[in-house]
Amino acid sequence: MLTVSKLFQLPPLSLRNRVLRSSKPISIGSHINTNSAFSSPIPSNPFSTSQHKHKHFSTKATMVALLVATSSDPASINPANALLAMPGWQPGPHFQDDMKSFVNEGVRVLLHAKSIVVEDDLDRRWEEVTGEVVDEVIFFSKHTAVSNKPALTVHPIGVPHLREGDVPPQGGRPGWAALPNPRMGPWLRLLKNIAQAHNLVPEFEITLEATHHGPVTNKPTMFLEIGSTEDYWKRQDAAQVMAQLVWEGLGLGGGTDIGNWSRENDNKKILLGIGGGHYAPRHMDVVLKDNVWVGHLLSGYSVPMEDPNQSKGETNGEIGGTWRESIKAAYEATESAFPGGEILAHLDHKSFKGWQRNAITGFLAEQNIKIGKPNNFY
């Protein structure tokens, strides 16, 4: 078991405001009680959430980012609590009786008490209740790993390799890949910088993960996770880092948001990772470079191929498995998330056998999907 350092203590609110360079500090009274699932960060606010039980919280179709957390997971609720302890939050609209919401500029935090992967279509449901338009979805969650090593991770979601009728073990819909959130690449690099500033590196590994699990969403989505054991899930310093990532990344407190595809797309090439392990090391090497965008990341288990056990002359059509469907779903979702972008498949060549590599490159050519080498993304 790795030794866990002493839990980080949250600094005074005034100090955090200076650290986060907020241009609009607003006193919110007190911190959230992490022992209570839905303790309000604004206990003295005269506007209770019950006063917002109306169809349209905004008179306009506001574009918002929806951030989701669950009280059933300390690696989810703790970062949410740390974020809500920062300036500017107000009670949000009534969504449903077993959930609470909070608003700050163009960001909405939604808290529930179920597993993070089971509440499908929260973005669509939010739009129906509030009249707002959800632009992106971000989830706080725990990460588990056999290694038990501490990690802070970013990843897209989906189960594009599953067949119709399969039961996804952790949510999602068979054959489905969520739109990947374009912020993932820039935020991975920002996360590394923030974690280093908080002295969490090298204790915590900062890494991408491959595409996996649910829940079903309809807008660009990413998961931000703390791993990999209960001791690390409860680390307040890790929670504070994740909260600061969202605060800075979404431009709260008067800053400029980071990873805005519509504004920062001078480099229009997007990496679609195919092959390799769950932590996508070959793809990570590319994405850690400045100005690189990343979409879906399909590890080897998400491109299942049935070995024809025959000669090298076999054609693509004779290799079974859902690898074609998985690649196509991941490509189409990535293309939709990056309008006007050029999607380049980046293969972890060494992770494939020769017949697998030949089949995949042949299929990519058939689909008019270009293959990129590392230096094509810079």
Side-chain angles (χ1 to χ4, degrees), residues 143 145-147 151 153-163 166 172 174-178 180 184-185 188 205-213 222-223 269-289 292-309 312 314-335 337-338 341-378:
H143 169 68
V146 175
S147 68
T153 79
V154 180
H155 74 83
I157 63 172
V159 283
H161 61 293
L162 295 184
R163 301 178 187 273
D166 289 345
W176 160 84
M184 289 189 300
L188 176 73
E205 182 179 6
I206 313 302
T207 183
L208 290 169
E209 290 183 75
T211 299
H212 65 303
H213 68 62
M222 66 174 158
F223 262 62
K269 295 176 180 177
I270 301 96
L271 183 148
L272 171 66
I274 302 177
H278 183 72
Y279 298 98
R282 298 291 180 270
H283 311 311
M284 270 278 295
D285 291 343
V286 178
V287 178
L288 283 174
K289 303 289 186 181
V292 176
W293 302 92
V294 61
H296 275 290
L297 298 165
L298 300 178
S299 66
Y301 62 77
S302 290
V303 282
M305 307 176 77
E306 296 173 2
D307 189 346
N309 197 27
K312 295 181 181 179
E314 293 296 335
T315 63
N316 294 347
E318 295 172 344
I319 297 175
T322 58
W323 57 280
R324 298 179 194 80
E325 292 84 354
S326 184
I327 291 172
K328 189 173 181 180
Y331 174 82
E332 291 176 350
T334 300
E335 185 178 44
F338 291 88
E342 181 183 5
I343 316 301
L344 299 179
H346 183 258
L347 274 61
D348 184 338
H349 288 279
K350 293 183 178 179
S351 70
F352 294 113
K353 297 178 180 178
W355 63 270
Q356 294 174 313
R357 189 164 52 248
N358 291 339
I360 289 172
T361 55
F363 178 71
L364 293 174
E366 291 174 7
Q367 299 295 310
N368 295 314
I369 301 173
K370 296 179 181 178
I371 298 175
K373 296 181 178 180
N375 58 11
N376 294 138
F377 296 93
Y378 309 144

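Position 1 is the first residue of the sequence; numbering continues from there.
Shown here are the salt bridge (Lys or Arg N to Asp or Glu O under 4.0 Å) partners of E332, two or more places apart in sequence or in another chain: there are none. By the side-chain contact (heavy atoms from CB on, under 4.5 Å) test, E325 is found to be paired with T322, residues two or more places apart in sequence or in another chain being considered. Residues passing the side-chain contact (heavy atoms from CB on, under 4.5 Å) test with A145, sequence neighbours excluded: H143, S147, S228, Y279. The side chain to side chain donor-acceptor pair (under 3.5 Å) test applied to E342 returns K370, not counting sequence neighbours. For the side chain to side chain donor-acceptor pair (under 3.5 Å) test, residues two or more places apart in sequence or in another chain that qualify with Y301 are H278. Applying the side-chain contact (heavy atoms from CB on, under 4.5 Å) test to A337 and every residue at least two apart in sequence or in another chain returns L179, P180. Listed by chain and number, the residues in a side chain to side chain donor-acceptor pair (under 3.5 Å) with T153 are E209 (sequence neighbours excluded). For F338, the ring pair (Phe, Tyr, Trp, His ring centres under 6.0 Å) criterion is met by W261, not counting sequence neighbours. Partners of E306 according to the side-chain contact (heavy atoms from CB on, under 4.5 Å) rule, which considers only residues two or more places apart in sequence or in another chain, are R163.
Summarising the geometry of P156 relative to G295, their closest heavy-atom pair is CG-O, 3.9 Å, with the distance given to 0.1 Å. Closest approach of D285 to Y378, counting heavy atoms only: O-OH, 4.2 Å. Shortest non-hydrogen contact noted between A177 and A333 is O-CB, 3.6 Å. Residues I319 and A359 come closest through the heavy atom pair CD1-CB, 3.5 Å. When all heavy atoms of I343 and Y331 are compared, the pair lying nearest together is CB-CE1, 3.5 Å. The heavy-atom pair separating S299 from A210 by the smallest distance is CB-CB, 3.7 Å.
Side-chain atoms of D307 and W355, non-hydrogen and from C-beta on, do get closer than 4.5 Å to each other. In this structure the side chain of H155 never reaches within 4.5 angstrom of the side chain of L208, judged on heavy atoms. Side-chain contact between V287 and L297 is absent, with no heavy-atom pair separated by less than 4.5 Å. Between L298 and P160, some side-chain heavy-atom pair lies under the 4.5 Å cut-off.
To the nearest 0.5 Å, atom CG of residue L271 and atom CG of residue N376 are 10.5 Å apart. Once rounded to the nearest 0.5 Å, the distance linking CZ of R324 with CZ of F363 reads 7.0 Å. One finds the OG1 atom of T334 at 11.5 Å from the CG atom of L344 (value rounded to the nearest 0.5 Å). Interatomic distance, L272 CG to I327 CD1, rounded to the nearest 0.5 Å: 8.0 Å.
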**OP:** In sequence, state the C-alpha distance, the side-chain angles, and the governing distance for I157 and W176, and then conclude on side-chain contact (heavy atoms from CB on, under 4.5 Å).
**Re:** CA-CA 9 Å; I157 63 172; W176 160 84; 3.8 Å; yes
**OP:** Could you walk me through whether V159 and D166 pass side-chain contact (heavy atoms from CB on, under 4.5 Å), step by step?
**Re:** CA-CA 10 Å; V159 283; D166 289 345; over 6 Å; no
**OP:** Go through the steps for M284 and L188 under the test side-chain contact (heavy atoms from CB on, under 4.5 Å), then give the verdict.
**Re:** CA-CA 10 Å; M284 270 278 295; L188 176 73; 3.6 Å; yes
Could you tabulate the donor-acceptor pairs under 3.5 Å formed by side-chain atoms of residues 345-352, not counting sequence neighbours?
{"from": "H346", "atom 1": "ND1", "to": "H283", "atom 2": "ND1", "distance (Å)": "2.8"}
{"from": "S351", "atom 1": "OG", "to": "G276", "atom 2": "N", "distance (Å)": "3.0"}
{"from": "S351", "atom 1": "OG", "to": "D348", "atom 2": "O", "distance (Å)": "2.7"}

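Within the 3.5 Å criterion, the main-chain N or O of A178 finds a donor-acceptor partner in the side chain of H296. Side-chain atoms of S326 come within 3.5 Å of backbone N or O of S302 as a donor-acceptor pair.
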